[in-house]
Amino acid sequence: MTRYNFNEIEKKWQDHWEENKIFQTSENEKEKYYALEMFPYPSGKLHMGHVRNYSIGDVVARFKKMKGYNVLHPMGWDAFGLPAENAAIKHGIHPNEWTWKNLEEMRDQLKQLGISYDWDREVTTCHPDYYKWTQWIFLQFYKHGLAYKKQYPVNWCPSCETVLANEQVVGGKCERCDSVVGKKDLDQWYFKITDYADRLLEDIDKLEGWPEKVKLMQKNWIGKSVGAEVDFSIDEHEEKLKVFTTRPDTIYGVTYMVLAPEHPYVSQFTKGTKYEEEVIKFKEKLQHLSEIERTATNVEKEGLFIGKYAINPVSEKKIPIYIANYVLMDYGTGAVMAVPAHDERDFEFAKKYDLPIIPVIKGKDEEIKELKEAYVHEGVMINSDLFNGVDNKEALVKISEYLEEKGLGKKTINFRLRDWLISRQRYWGTPIPMVHCQECGVVPVPDKDLPVTLPTDVVFSGKGESPLTTSKEFVYTDCPKCGKKARRETDTMDTFVDSSWYFLRYTDANNQEEIFKKDNAKYWMGVDQYIGGVEHAILHLLYARFFTKVLYDLGYSPIEEPFDNLLTQGMVLKDGTKMSKSKGNVVSPEEIIKTYGADTARLFILFAAPPERDLEWSDTGVEGCFRFLNRVWRVVDELKDFIGDEKEIGILTKEDKDLEYMIHTTIKKVTEDIEERFNFNTAISAIMELVNEIYKYKELGENCNKPLLRQGLETMIILLSPFAPHMTEELWNNIGHERSVYENMWPTYDVNATVKDQVEMVIQINGKVRDKIEVSATATKEELEKEALSNEKISALIEGKKLIKVIVVPKKLVNIVIK
RNA sequence: GCCGAAGUGGUGGAAUUGGCAGACGCGCUGGACUCAAAAUCCAGUGAUGGCAACAUCGUGCGGGUUCGACCCCCGCCUUCGGCACCA
């Protein structure tokens with residue numbers, strides 16, 4: 001009797017895999033499979049979320065390998081970012097040192113988990129060999145007009161003292177430190193993702209292997225609105241005021257106009273008038289409000305008349321122009337035509353400032369009456385001249401056409417998506433490869449001079465501009481164009497840039513000459529299965545799609561969409577909430593591995609819930625999985641000598657047939673659960689059932705069919721191997737095989753063995769189960785009906801009742817309907 | 001406010017096409033082994049009534065469709081997630 005010594009076994013097989021390069025891959029003629037998990041930020045320690053993510057990915061990778069695919073399963077590090085810099089400020093340790101130390105620690109932990117990575121393809125975004133290409137991509141973007149600089153009021157975190165992207169402002173607060181975010185005018189680098197808005201939106205429909213939820217979130221984020229741009233002339237002025245509207249049908253109901261306070265016309269129109277002073281005050285007040293206060297929906301609408309009038313282009317009525325807190329400069333044209341009768345916000349505003357309300361749509365069978373609230377439903381046009389009586393949906397099209405004919409406007413599309421602000425006033429990121437020259441202006445660093453390396457002699461104060469400004473050696477350079485003295489750009493890139501293309505680099509991770517060989521990318525891309533947290537549903541996944549499209553357009557990427565299938569895993573919870581240090585409910589993977597081994601940790605995390613769902617941590621559940629593995633260990637240990645080497649199964653008894661049936665249905669179930677549904681929890685429970693069956697069967701002692709029992713044990717080991725890789729390798733050896741279980745093919749099942757000769761069938765009366773009978777699986781409907789009706793118990797129950805009908809579902813049930 | 005997902009025993013979760021609700025695991029109860037404990041093995045475990053066979057009820061709530069509904073339809077409730085003055 002040997003004990004399940006997980007420590008020894010796990011170490012032994014991890015070394016074996018590494019020495020024999022079992023999981024190393026190269027491009028070949030076999031069909032490829034690219035399994036990818038989102039690479040981590042090297043914070044230092046693996047948490048349960050990582051364990052879950054990588055365990056899921058490992059099951060997929062190992063399973064596909066056994067299915068005969070050439071599997072690419074790489075790992076790397078999203079190694080730039082703020083925490084490294086914070087550590088520098090707080091503990092005086094250099095970000096580079098801090099990051100590499102953490103990274104190595106985490107790599108060790110991943111190896112202890114026994115994930116089947118090809119470590120030869122490891123990428124690290126903070127390594128010059130990697131960020132050289134991030135910079136190269138930036139220059140490609142720049143050359144093709146997709147990277148530009150502009151001054152803009154950006155989100156400014158007063159605590160981090162840096163600019164934040166819109167995406168990093170959560171509920172008006174800094175994503176990282178929770179401080180209220182303000183505004184500041186700065187020169188910033190942007191990527192022109194809006195040029196790709198339409199394609200990013202359209203192609204979402206091609207992503208058949210993505211969860212609907214994620215696709216919907218991306219659609220909403222891109223936020224396409226179809227409408228019209230309409231020109232309003234201004235009384236006593238030459239200029240035209242452009243507005244964007246999704247409801248051109250309501251144009252006859254426009255009774256005033258509202259501009260964003262930042263709209264350039266506002267100061268122009270009020271300059272030197274009696275309105276000027278108040279307008280300035282109004283703008284100042286808004287500026288002091290944070291984004292959160294200004295945009296919260298429950299904030300009362302506030303506005304100010306600026307003394308000018310516009311002309312409604314269809315009714316030619318004079319309408320007053322206001323500015324208001326609820327109109328945003330960066331959506332549409334920064335100007336809104338207000339239709340109080342049919343828009344809730346406009347209605348509220350009109351009531352407050354006593355502006356006219358003209359209904360232009362009425363409900364089909366309703367009388368015209370004074371509105372108590374905005375009428376936002378469909379209906380028939382009224383007060384709309386030529387269009388009276390027309391259905392408003394129809395009018396929407398007709399009025400758009402009418403406006404276009406008269407040269408008053410045109411159809412347009414607006415997106416909610418903004419250009420991507422990528423510059424950061426930070427040290428620990430990819431330097432933006434640009435030079436500022438007094439003579440030549442902004443000049444890109446030539447490709448041959450890449451990478452622009454991060455200097456080490458910087459001062460970390462945590463304040464103001466990028467720490468890069470403190471390195472003289474870095475800042476002062478020569479202009480690549482004219483050779484005169486120039487300054488380097490000191491901003492670095494958002495770390496989301498680094499992670500927007502790493503999956504392409506894995507296809508040719510060590511290439512020094514080019515970003516990746518196109519043939520390699522062509523062979524491996526797209527990613528067959530991408531796995532990670534839902535928190536990346538919008539940003540990372542949208543940016544990665546954007547980059548792939550740009551690289552495709554420039555002739556580098558072989559595909560337009562990077563990820564064919566996406567699995568978003570749920571969180572790991574403890575006591576109903578997310579594990580976190582502040583709540584003190586963190587379970588450390590290290591501890592669990594130490595106590596129970598990696599196989600148990602992996603097994604539990606895969607067994608406790610299906611991957612997409614949140615997982616509730618349970619210490620007793622972990623123990624249950626440990627017990628199960630011990631149970632598997634013991635049964636093999638007990639039977640390995642007993643079963644012998646004979647392969648011929650021969651004639652089967654009833655008990656043998658039951659075991660054979662179990663073996664084949666389990667193969668079927670586990671295969672389908674992994675391959676089609678990612679239901680690893682039910683796959684594992686099926687294996688547990690097989691184990692229970694083997695325990696029962698072995699009680700037959702010498703009456704066992706030994707070759708069949710061997711088949712049962714081997715099937716059990718192979719099916720379990722993607723989940724508990726170390727132990728199954730050991731058992732595979734112990735049961736008399738020399739080579740790794742992963743050089744073995746995944747078993748197939750015999751369809752005939754999954755069909756039983758006799759099946760249990762339910763007899764129902766009026767839908768209620770009244771009896772169960774054993775019948776031949778091949779019995780006809782007529783035979784089954786006859787059998788059911790003649791059943792002793794049933795005939796007693798239907799005695800004297802009126803038989804309405806009998807429904808027969810072969811192999812399942814007979815339902816007798818009586819009155 | 002808008003959009004989306006989910007609600008099943010004491011508990012994590014099964015039920016794949018509308019066909020036996022509660023697989024598998026945890027917990028609990030009882031038994032075997034033991035001087036004893038741990039470990040292990042065996043049995044039981046939705047609720048109510050009954051000695052029992054069995055009966056009735058039961059998948060958030062209220063209706064509906066159907067021979068038959070956790071599953072489909074209508075109306076609610078709760079929880080979670082996303083977006084949030086987007087014109």
Side-chain angles (χ1 to χ4, degrees), chain A residues 171-172 211-221 223-225 227 243-247 250 257-258 260 294-301 324-328 330-339 343-346 348-349 414-418 534-535 537-538 570-571 573 576 603-604 607-610 612-625 627-628 630-631 634 669 672-673 676-677 679 681-689 691-692 695-696 699 760-772 804-809 811-818:
Chain A
E212 284 308 315
K213 181 188 171 175
V214 173
K215 291 199 274 186
L216 206 71
M217 278 163 75
Q218 291 218 349
K219 278 184 186 170
N220 291 340
W221 188 261
K224 181 178 182 170
S225 317
V243 300
F244 173 72
T245 179
T246 53
R247 294 291 305 275
T250 62
M257 176 132 313
V258 192
R294 183 166 163 193
T295 57
T297 35
N298 51 7
V299 165
E300 198 177 337
K301 316 240 166 314
N325 56 353
Y326 72 93
V327 176
L328 309 170
D330 57 3
Y331 184 79
T333 62
V336 176
M337 59 175 231
V339 187
D343 180 283
E344 278 164 24
R345 285 159 308 161
D346 295 344
E348 191 190 322
F349 193 84
N414 245 295
F415 292 96
R416 205 193 74 105
L417 184 73
R418 299 296 130 82
V534 229
E535 66 273 22
I538 299 173
M571 287 188 298
L573 310 177
L603 192 74
F604 167 73
F607 177 61
E612 312 82 13
R613 239 193 280 181
D614 285 351
L615 179 152
E616 176 70 30
W617 185 266
S618 152
D619 291 329
T620 51
V622 177
E623 264 178 77
C625 287
R627 274 209 291 266
F628 168 70
N630 274 286
R631 200 167 141 82
R634 277 197 311 271
K669 168 103 179 123
E672 288 172 0
D673 276 353
E676 291 163 25
R677 288 180 284 276
N679 285 355
N681 56 332
T682 49
I684 294 166
S685 67
I687 301 170
M688 288 173 170
E689 284 179 83
V691 173
N692 291 344
Y695 263 82
K696 246 183 233 158
E699 290 308 307
E760 195 188 57
M761 205 181 60
V762 165
I763 307 175
Q764 299 181 330
I765 294 176
N766 290 343
K768 283 190 174 148
V769 182
R770 286 293 119 114
D771 204 9
K772 292 172 187 182
I804 309 283
K805 62 171 156 175
V806 180
I807 287 129
V808 182
V809 184
K811 293 190 200 181
K812 292 233 164 93
L813 56 80
V814 176
N815 188 14
I816 301 161
V817 186
I818 53 167

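Proteins get letters first, then strands, A, B, ... in listed order; numbering begins at 1 in each. Excluded from the calculations below are hydrogen atoms, water molecules and symmetry mates; all remaining heavy atoms, backbone and side chain alike, are included.
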Legend entry - Selected nucleotide, minimal atom distance to A:R416 side chain, candidates B:A87, B:A84, B:A23: B:A84
Inset, instruction - When you get a sec, tell me which of B:A21, B:A14, B:C24 is the closest nucleotide to the side chain of A:N692? - result: B:C24
Inset, instruction - Give the nucleotide from the list B:A21, B:G19, B:A14 with an atom nearest to the side chain of A:I807. - result: B:G19
Inset, instruction - Please check the phosphate of B:A38 (OP1 and OP2 only) for any side-chain N or O of A:R627 closer than 4.0 Å. - result: no
Legend entry - Nearest-angstrom distance, C1' atom, B:U17 to B:G68: 15 Å
Legend entry - Which nucleotide in B:G13, B:C24, B:C42 has an atom nearest any side-chain atom of A:A609: B:G13
Legend entry - Side chain A:K301 and base B:C85 donor-acceptor under 3.5 Å: yes
Legend entry - Side-chain N or O of A:R677 closer than 4.0 Å to phosphate OP1/OP2 of B:A15: no
Inset, instruction - Indicate, yes or no, whether a donor-acceptor pair under 3.5 Å links the base of B:C67 to the side chain of A:K805. - result: no
Inset, instruction - Would you mind telling me which residue lines up with the more 5' stretch of RNA chain B, A:V762 or A:G223, judged by nearest nucleotide? - result: A:V762
Inset, instruction - Side chain of A:V327 only, please: which of B:A21, B:C67, B:A87 is the nearest? - result: B:A87
Inset, instruction - Please determine, for the side chain of A:E689, which listed nucleotide (B:U56, B:C83, B:A23) has the closest atom? - result: B:A23
Legend entry - Distance (rounded to the nearest 0.5 Å) between A:L603 CG and A:M688 CE: 6.0 Å
Legend entry - Lys/Arg cation over aromatic A:Y326: A:K301, 6.0 Å, 45° cone: yes
Legend entry - Distance test, side-chain N/O of A:K768 to OP1/OP2 of B:G19, below 4.0 Å: no
Legend entry - Interatomic distance where CG belongs to A:N679 and P belongs to B:C24 [whole Å]: 17 Å
Inset, instruction - Using a strict 4.0 Å threshold on nitrogen-to-oxygen distance, state whether A:K215 and A:E212 make a salt bridge. - result: yes
Inset, instruction - Pick the P atom in B:U66 and in B:G49, then give their distance to the nearest Å. - result: 36 Å
Inset, instruction - Could you tell me the separation between the CG atom of A:N414 and the CZ atom of A:F244, rounded to the nearest 0.5 Å? - result: 4.0 Å
Inset, instruction - Go through B:C41, B:C26, B:G19 for me and flag the one nearest to the A:N815 side chain. - result: B:G19
Legend entry - Glycosidic conformation of B:G9, taking syn as within 90° of 0 and anti otherwise: syn
Legend entry - Whole-Å C1' distance, B:U78 and B:C61: 10 Å
Legend entry - Separation between the P atoms of B:U34 and B:C26, rounded to whole Å: 25 Å
Inset, instruction - Would you indicate which nucleotide in B:A21, B:G81, B:G68 comes nearest to any side-chain atom of A:K213? - result: B:G81
Legend entry - Of the listed nucleotides B:A87, B:A14, B:U56, the one nearest the side chain of A:R770: B:U56
Inset, instruction - Could you work out the separation of B:G1 and B:C72 based on their P atoms and round it to a whole Å? - result: 27 Å
Legend entry - A:N815 (side chain) donor-acceptor with A:G767 (main chain) under 3.5 angstrom: yes
Inset, instruction - For B:G75 and B:A53, measure between their P atoms and round to the nearest Å. - result: 45 Å
Legend entry - Student check: side-chain heavy atoms of A:K805 and A:V817 closer than 4.5 Å: yes
Inset, instruction - Consider the side chain of A:S685, meaning its heavy atoms from C-beta on, and name the nucleotide among B:U40, B:A23, B:C85 that approaches it most closely. - result: B:A23
